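In this text, all values refer to a predicted model and were calculated from it rather than measured experimentally.
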Amino acid sequence: MSLTETSPAHSLPSLSLNAPSLRRRMASWLYECILLFAVAFLATWLFSTLGQMRSGIDPRRPLLITFLFVIFGIYFVWCWAHGQTLPMKTWNIRLVDSKGRAVTQGRALGRYVLSWLWFLPPLAAVAPFRLGAPEIFVIVAGWIAIWALLSRFHPQRQFWHDALAGTRLVTSLPLSR
């Protein structure tokens, strides 16, 4: 056995490599959005306070968006490299690589970048049209529903960004409570 197979950080309890139901994955995803709202709120407050931003039309707004992208990346890469985020623990879902092993930080980073496929295509599509918030919401929500349902066409019922990143979501008890 290699060192990585016996290392406690890389050993996983027995788990099924079956994908959790779409309902459980989307419930976890929705819970994740609620937590990310809090993370975004705190990060924006910190950035705005330290940078003394006075309004939402501050010319440093692209820098704030980049800062949030990095903060979200740090959150997800760290959690995924350790197996689960809090919502994933709650819904008994774990992220593993395509062979069922723990995910490396590099693979978690690749998954983070690819996970933006949930949002970027609809946002890019609506950008030139100057639509209002309700129209943008409907288009983004529609794309999210389509993207989630496309997992039905994957042989192992995985989301397509997981297939591209070489990762998979599996049913598993939390690593810790």
Would [X] and [Y] show up in the same hydrophobic cluster when neighbours are defined by side-chain heavy atoms closer than 4.5 Å?
X: Ile144; Y: Leu131; answer: yes
X: Met26; Y: Leu35; answer: yes
X: Trp78; Y: Leu86; answer: no
X: Trp29; Y: Leu149; answer: yes

Are [X] and [Y] side-chain neighbours, meaning at least one heavy-atom pair lies under 4.5 Å?
X: Val77; Y: Leu109; result: yes
X: Ile139; Y: Leu123; result: no
X: Ser28; Y: Thr90; result: no
X: Val39; Y: Ile71; result: yes

Within the side chain of [X], is there an N or O that forms a donor-acceptor pair under 3.5 Å with the backbone of [Y]?
X: Arg107; Y: Ala165; answer: yes
X: Gln158; Y: Leu169; answer: yes
X: Arg24; Y: Asn92; answer: yes
X: Trp143; Y: Leu120; answer: no
X: Gln84; Y: Leu95; answer: no

Closest heavy-atom contact between [X] and [Y]?
X: Pro121; Y: Leu117; answer: CD-O, 3.4 Å
X: Met88; Y: Arg94; answer: CE-C, 3.9 Å
X: Ala108; Y: Ala81; answer: CB-N, 4.3 Å
X: Ala43; Y: Leu68; answer: CB-CD2, 3.6 Å
X: Leu22; Y: Ser151; answer: CD1-OG, 3.9 Å
X: Leu150; Y: Trp160; answer: O-NE1, 2.8 Å

To the nearest 0.5 Å, what is the distance between [atom1] ([X]) and [atom2] ([Y])?
X: Trp45; Y: Phe41; atom1: CH2; atom2: CZ; answer: 9.0 Å
X: Asp162; Y: Thr167; atom1: CG; atom2: OG1; answer: 3.5 Å
X: Cys79; Y: Ile74; atom1: SG; atom2: CD1; answer: 11.5 Å
X: Arg61; Y: Leu64; atom1: CZ; atom2: CG; answer: 7.5 Å

**Aromatic ring pairing Phe69/Trp116, orientation class (parallel under 30°, perpendicular over 60°, tilted between)** =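 Rings of Phe69 and Trp116: tilted, 30 to 60°.
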**Message:** With ring-ring contact (aromatic ring centres under 6.0 Å, His included) as the criterion, how do Tyr75 and Tyr112 come out once you've worked through the C-alpha distance, each side chain's angles and the decisive distance to 0.1 Å?
**Reply:** CA-CA 10 Å; Tyr75 166 77; Tyr112 172 69; 9.6 Å; no
**Prompt:** Are the charged groups of Arg168 and Asp97 less than 4.0 angstrom apart, N to O?
**Reply:**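 Looking at Asp97 together with Arg168, the answer is no, because their closest N to O distance does not fall below 4.0 Å.
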**Prompt:** Does CD belonging to Gln156 count more than 12 external heavy atoms closer than 6.0 Å?
**Reply:** yes
**Option passing ring-ring contact (aromatic ring centres under 6.0 Å, His included) with Phe159 (candidates Trp118, Trp147, Phe153)** =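 Answer after filtering Trp118, Trp147, Phe153: Trp118.
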**Asked** Any luck finding a side-chain donor-acceptor pair between Thr85 and Glu32 under 3.5 Å?
**Response**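 Short answer, yes.
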**Request:** Let me see the working for Phe67 and Leu63 under side-chain contact (heavy atoms from CB on, under 4.5 Å), right down to the final yes or no.
**Result:** CA-CA 6 Å; Phe67 178 70; Leu63 192 58; 5.9 Å; no
**Arg111 charged N/C atom sitting above Trp80 aromatic ring, 6.0 Å / 45°** =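 Because its charged atom sits under 6.0 Å from the ring centre and within 45° of the axis, Arg111 does stack over Trp80.
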**Asked** Stepwise, does the side-chain contact (heavy atoms from CB on, under 4.5 Å) test hold for Ile93 with Val170?
**Response** CA-CA 6 Å; Ile93 298 170; Val170 297; over 6 Å; no
**Asked** Going through the checks in order, is the side chain to side chain donor-acceptor pair (under 3.5 Å) test met by Asn18 and Thr171?
**Response** CA-CA 7 Å; Asn18 295 329; Thr171 299; over 6 Å; no
